[in-house]
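Remarks on the structure that follows.
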Amino acid sequence: MKKWYSVIGDPIAQSMSPSMHGTWFQENEVDATYIPLHIPADQLEKAVEGLRTLGCSGWNVTVPHKTAILPYLDSLDESAQLMQAVNTVHVMPDGSLSGSNTDGPGFVRSLEEAYGERAKGNPVLVVGAGGAARGIAHALHSQGYGPITFTNRTLEKAENLATGISGASVVTIQEAEATLANFGLIVQTTSVGMNFAQEGIPLDPTGVREGAVVADIIYNPLETEFLKQAKQRRAWTMNGVGMFVHQGALAFETWTGIQPDTEKTIKKITATLGG
């Protein structure tokens, strides 16, 4: 019987996951389809039960559900337990739901694919305190990056993240702007700058030092205003296409046991977005 997979979020119309996974199913001759589902926050519990009842074989989870979905799953793998956020749900043979998080490993894969270990051994600034920030920070820490500093407009959320990572610290946005030159890797994880969300920049990048690696997990547009200004200061910049593709590839691998062609997909998505 044909299998079906999904991605749930709010909003969801902008997601390129259906196209990406659909192409991978076709290229690898997997008899399956992938459907985007718009799920408002107050309908999440019912949606999870609906996906389970209707026989969905697995699904991705995007904003704003990555943390909110935790109580509705039967188990979490080590990555999800550590990050307390889920972006991939696996339906186990007994029908139970297991959550994992491929955001962080996907980011590290894309970072090292682009710049090797150039950013290693330098202080890291993570901008934002949502599920993506948590996943990326834990993945960076586990791979030897850091020390990690968080900054966020709501400082309490950043402080909660920092308590789970040894050596992590928190600064205000103003303090981050004043000390940007101290960081060799800056990772922007908020939705500020996304083409369908909030315009602008999350913090003033004037202090970014030459040669620093500055990453923005947004992939549409390919170059946010934050990345554009960082590049003007001779930073090495990276958009979110690589992370998007690699986190999706990790989910695809666990669902099907097949490793998709990520290089080809990155080129295709970049071209689609005008790169």
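The figures that follow rest on heavy atoms only: side chains count, while hydrogens, waters and symmetry mates do not.
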Can you name the closest pair of heavy atoms from [X] and [Y] and give their distance?
X	Y	answer
V213	R118	CG2-CD, 3.9 Å
G130	L161	O-CD1, 4.4 Å
L203	A176	CD2-CB, 4.3 Å
G128	A133	O-CB, 3.5 Å
A139	P105	CB-N, 3.8 Å
S96	D94	OG-OD1, 2.7 Å

Legend entry - Q81 CD: over 12 foreign heavy atoms closer than 6.0 Å: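 Check passes, neighbour count above 12.
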Inset, instruction - Answer yes or no: are there more than 12 heavy-atom neighbours, outside W4 itself, under 6.0 Å from its atom CH2? - result: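 It does: W4 CH2 has more than 12 such atoms within range.
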Check the hydrophobic clustering (I, L, V, M, F, W, Y; side-chain heavy atoms under 4.5 Å; chains of links allowed) and say if [X] and [Y] are grouped together.
X	Y	value
L180	L227	yes
L73	V91	yes
Y34	I8	no
Y5	M92	no
L82	I136	no

Side-chain ([X]) to main-chain ([Y]) donor-acceptor, under 3.5 angstrom:
X	Y	result
S6	I35	yes
E177	D204	yes
Y219	G242	no
N152	A158	no
D74	S98	no
K120	Q143	yes

Inset, instruction - Please check if any side-chain donor atom of D216 sits under 3.5 Å from a side-chain acceptor atom of T224, or the reverse. - result: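 Indeed, the side chains of D216 and T224 share at least one donor-acceptor pair under 3.5 Å.
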Legend entry - No-hydrogen, no-angle side-chain donor-acceptor test under 3.5 Å, N87 and T102: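 Judged by distance alone, the side chains do pair up.
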To the nearest 0.5 Å, what is the distance between [atom1] on [X] and [atom2] on [Y]?
X	Y	atom1	atom2	value
S15	M20	OG	CE	7.5 Å
E223	E225	CD	CD	8.5 Å
T33	K3	OG1	NZ	14.0 Å
F150	L155	CZ	CG	12.0 Å
D10	L37	CG	CG	12.0 Å
H138	N101	NE2	CG	9.5 Å

Using side-chain heavy atoms (C-beta onward) and a distance below 4.5 Å, is [X] in contact with [Y]?
X	Y	answer
R233	T206	yes
M16	L273	yes
Y145	L111	yes
F244	S110	no
L125	I186	yes
R109	L250	yes
N60	T62	no
E27	P260	no

Legend entry - Verdict with supporting geometry, F183 and V214, side-chain contact (heavy atoms from CB on, under 4.5 Å): CA-CA 10 Å; F183 299 99; V214 178; over 6 Å; no
Legend entry - Check ion pair E49-R52 (N to O, under 4.0 angstrom):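 Yes, E49 and R52 are salt-bridged.
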Inset, instruction - In sequence, state the C-alpha distance, the side-chain angles, and the governing distance for N28 and T256, and then conclude on side-chain contact (heavy atoms from CB on, under 4.5 Å). - result: CA-CA 10 Å; N28 294 284; T256 66; over 6 Å; no
Inset, instruction - Run the numbers on F107 and Q247 for side-chain contact (heavy atoms from CB on, under 4.5 Å), then give the verdict. - result: CA-CA 7 Å; F107 176 82; Q247 62 80 27; over 6 Å; no
Legend entry - Passing candidate, side chain to side chain contact (heavy atoms under 4.5 Å, CB included) with W59, options V48, T88, V7: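 Output: one option passes, namely V48.
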Inset, instruction - Begin from the C-alpha positions of E175 and T151 and carry the test side-chain contact (heavy atoms from CB on, under 4.5 Å) through to its verdict. - result: CA-CA 9 Å; E175 290 169 336; T151 188; over 6 Å; no
Legend entry - With W24 via ring pair (Phe, Tyr, Trp, His ring centres under 6.0 Å) - residues at least two apart: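 W24: ring pair (Phe, Tyr, Trp, His ring centres under 6.0 Å) contacts with H21, F252.
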Residues 63-72, side-chain donor-acceptor partners within the protein, below 3.5 Å, at least two apart:
| residue | atom | partner | partner atom | Å |
| --- | --- | --- | --- | --- |
| H65 | NE2 | I39 | O | 2.6 |
| K66 | NZ | D103 | OD2 | 2.7 |
| T67 | OG1 | Q84 | O | 3.4 |

